[in-house]
Protein chains: 2
Amino acid sequence: MARHSILDTLNDSLRKDTLEGLQAMRFPPGQVLFSAGEHCRGLPLVLAGSIKVQMTGVSGHSIVLYRMGADDICTLSIGCLMTGRGYRAEAIVEDEAEAAIIPRGLFDRLMDQSAEFRLGIMESYGRRLDDLMLLVEEVAFHRMDERLEEWLQARAAGGQNVLNITHQELAVELGTAREVVSRLLKELERRGQVRLARGRVELTGLLKTASLA
Amino acid sequence: MARHSILDTLNDSLRKDTLEGLQAMRFPPGQVLFSAGEHCRGLPLVLAGSIKVQMTGVSGHSIVLYRMGADDICTLSIGCLMTGRGYRAEAIVEDEAEAAIIPRGLFDRLMDQSAEFRLGIMESYGRRLDDLMLLVEEVAFHRMDERLEEWLQARAAGGQNVLNITHQELAVELGTAREVVSRLLKELERRGQVRLARGRVELTGLLKTASLA
DNA sequence: CGGGTTCAGTGATAAAGTCACACAGGCAAA
DNA sequence: TTTGCCTGTGTGACTTTATCACTGAACCCG
């Protein structure tokens, strides 16, 4: 956990002020950091854990846009803070997270006085932009069965072979309907690639034999 | 054309340096500012005109991600400049554009010395993020016929009732296949809402009678 | 005017989204 | 323990969108 933090780059005086000015907090999984329409109350800087950001369309359907991890600044919040408009998406803690809320004034000072901090912000923005561009491409052009398999595969790569997740939650991850996920999973089960139970997907056979990278 | 530029916010000395350091250029419609894979050679600051940014998926299909207009900094270029990676998308001039290329050094100086410039950058980033989030929602959850009608409507709102555009280009705007656009347009023509000709869509009847805002 | 190139139209079929409803598992109150 | 109830899952029927494989029309240019 001795991760290199963006705050380590600050010089001593600035660092001292910063550490005084912000309040690190822990958030349990499931906690909602902010939801759509709400107004911004400071800039979350994620120190550890994982937070997913998802939005709900006028249709009532939701989709996960991206995830924030250690050293990410919530770029969405910057926008809301600047423009004064409400959030367009919501943020939900996934893995127990630690985050510091940076007040507006401190943010402005850091931007003014630390080139490294600025760089960190730009990097966060860059990642978000990249994530979203990739997502657009995925949603617009990729087949659902492949996306589902890839998603499961990616999760499994983290060592987990048994995922505790409902079809509905998977549907939100992929931005599709629950029925579609159900059918695709059923098909995978028929092929012996997964085993299904209520709220559980166990990966058995290797999916995506075509990973010939 | 006496638009308020982000450069106007700089103090005299900085402004002088800036105007010396950058080279404003004109670009004709169709000109490619950068394409996928290419490396960044400076930060375009759009002064006038309109530039569309689109990406091509592995599938070979393309989709327009967003447009840059006056006072927009190309946020994509910032990312490429910072990370040294190539562009993931391409930028094509739509309406004759004027843009200044800001060299890396000058950008760093401006970021360091002008809070207003920083604010401008953040705003550009915020807009892009917003555009992309909206696009994801559109692509994931909206029906193609509605999206097409809305797109045409939005264009027509600019005073133009005759659009010189091919079905293929429309398909890229919406991130779908040419055939789909052809069929939907044909249906609109049957209903008397548009008149079609090679490379041309004329809006006749009012589309989207359901604009009961 | 012929011949090539770019655009547009269309049928057949597969994939994905929508709607409606049946049923199963787990939990808690009766 | 049984009875509901709520949440999660399975599925049929149908619509919309994507894909593939063509055909033919409009335009450009030698």
Side-chain angles (χ1 to χ4, degrees), chain A residues 30 56-64 135-152 162-191 193-202 208 210, chain B residues 30 56-63 135-152 162-191 193-203 208 210:
Chain A
T56 301
V58 284
S59 53
H61 287 160
S62 301
I63 183 171
V64 172
L135 180 60
V136 168
E137 205 263 332
E138 278 255 327
V139 171
F141 303 131
H142 289 353
R143 295 180 40 142
M144 207 39 105
D145 52 358
E146 287 171 9
R147 290 181 57 208
L148 175 60
E149 291 192 25
E150 277 161 24
W151 195 95
L152 293 172
V162 175
L163 309 178
N164 288 302
I165 191 170
T166 66
H167 297 185
Q168 177 58 48
E169 288 169 324
L170 270 169
V172 171
E173 290 291 335
L174 301 174
T176 183
R178 198 261 318 157
E179 300 92 307
V180 174
V181 172
S182 287
R183 276 192 253 263
L184 293 174
L185 281 176
K186 211 65 196 162
E187 177 59 25
L188 286 180
E189 191 178 44
R190 259 176 236 120
R191 288 199 234 136
Q193 303 187 306
V194 301
R195 202 167 307 157
L196 299 177
R198 187 188 175 87
R200 216 172 70 98
V201 178
E202 181 182 356
K208 273 246 307 179
Chain B
T56 300
V58 285
S59 54
H61 287 161
S62 301
I63 184 170
L135 180 61
V136 168
E137 206 262 333
E138 278 255 328
V139 170
F141 303 131
H142 289 354
R143 295 181 44 136
M144 208 40 104
D145 52 358
E146 287 171 9
R147 291 180 57 208
L148 175 59
E149 291 192 25
E150 277 162 23
W151 195 96
L152 294 172
V162 175
L163 309 178
N164 288 302
I165 190 170
T166 67
H167 297 186
Q168 177 57 51
E169 288 168 323
L170 270 169
V172 170
E173 291 290 337
L174 301 174
T176 184
R178 200 261 316 155
E179 300 92 307
V180 174
V181 172
S182 288
R183 276 192 252 263
L184 292 175
L185 280 176
K186 211 65 195 162
E187 177 59 25
L188 287 180
E189 191 178 43
R190 260 177 236 121
R191 288 199 232 135
Q193 303 186 305
V194 301
R195 204 168 306 158
L196 300 177
R198 187 190 173 87
R200 216 171 68 98
V201 178
E202 180 182 356
L203 308 198
K208 273 245 306 177

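Chain letters run A, B, ... following the sequence lines, proteins first, then strands; residues in each count from 1.
The line from OG1 of B/Thr176 to CD1 of B/Ile63 is 9.0 Å long, rounded to the nearest 0.5 Å. One distance of note links NE2 of B/His142 with NE2 of A/His61; it measures 11.5 Å at 0.5 Å rounding. Atom CG in A/Leu188 sits 8.0 Å away from atom CG in A/Leu196 (nearest 0.5 Å). Here CZ of B/Arg143 is found 12.0 Å from CD of B/Glu150. Values are rounded to the nearest 0.5 Å. Taken to the nearest 0.5 Å, the CD atom of A/Glu173 stands 11.0 Å off from the OG atom of A/Ser62.
Minimum atom distance to the side chain of A/Arg198 is reached by C/dG26, of the listed C/dG17, C/dG26, C/dG9.
Taking atom NE2 on A/His142 and atom P on C/dA15, their separation rounds to 17 Å, with Å as the unit. Going from atom CD1 of A/Ile63 over to atom C1' of C/dG17 covers 14 Å, rounded to whole Å. Summarising the geometry, the separation between NE2 on A/His167 and C1' on C/dG17 is reported as 17 Å, rounded to the nearest angstrom. When the C1' atom of C/dT18 is taken as reference, atom CD of A/Gln168 falls 14 Å away, rounded to whole Å. Atom CZ of B/Arg190 is separated from atom P of C/dA8 by 16 Å (rounded to the nearest Å). What separates CD of B/Glu169 from P of C/dT6 is a distance of 13 Å, to the nearest Å. The nearest whole Å value for the distance from the NZ atom in A/Lys186 to the P atom in C/dA16 is 19 Å. Atom P of nucleotide C/dG17 and atom CG of A/Leu148 are separated by 12 Å, given to the nearest angstrom.
Contact between the side-chain N/O atoms of A/Thr176 and the OP1/OP2 oxygens of C/dA16 is not found at any separation under 4.0 Å.
Using a 4.0 Å heavy-atom distance criterion, B/Arg143 is classed as a sugar-phosphate-only contact. Within 4.0 Å (heavy atoms only), A/His61 reaches sugar-phosphate atoms of the nucleic acid but no base atom.
The footprint of chain A on DNA chain D, defined by a heavy-atom cutoff below 4.0 Å, extends from D/dT7 to D/dA13.
Toward the 5' end of DNA chain D, the nearer of the two residues A/Phe141 and A/Arg183, judged by each one's closest nucleotide, is A/Arg183. The 5' end of DNA chain C is approached more closely, in terms of each residue's nearest nucleotide, by B/Arg200 than by the other of B/Arg200 and B/Ala140.
Of the residues listed (B/Lys186, B/Arg191, B/Gln193), the one engaging B/Glu189 in a side chain to side chain donor-acceptor pair (under 3.5 Å) is B/Lys186, and it is the only one.
A salt bridge does not link B/Arg183 to B/Glu187: none of the charged nitrogens lies less than 4.0 Å from a carboxylate oxygen.
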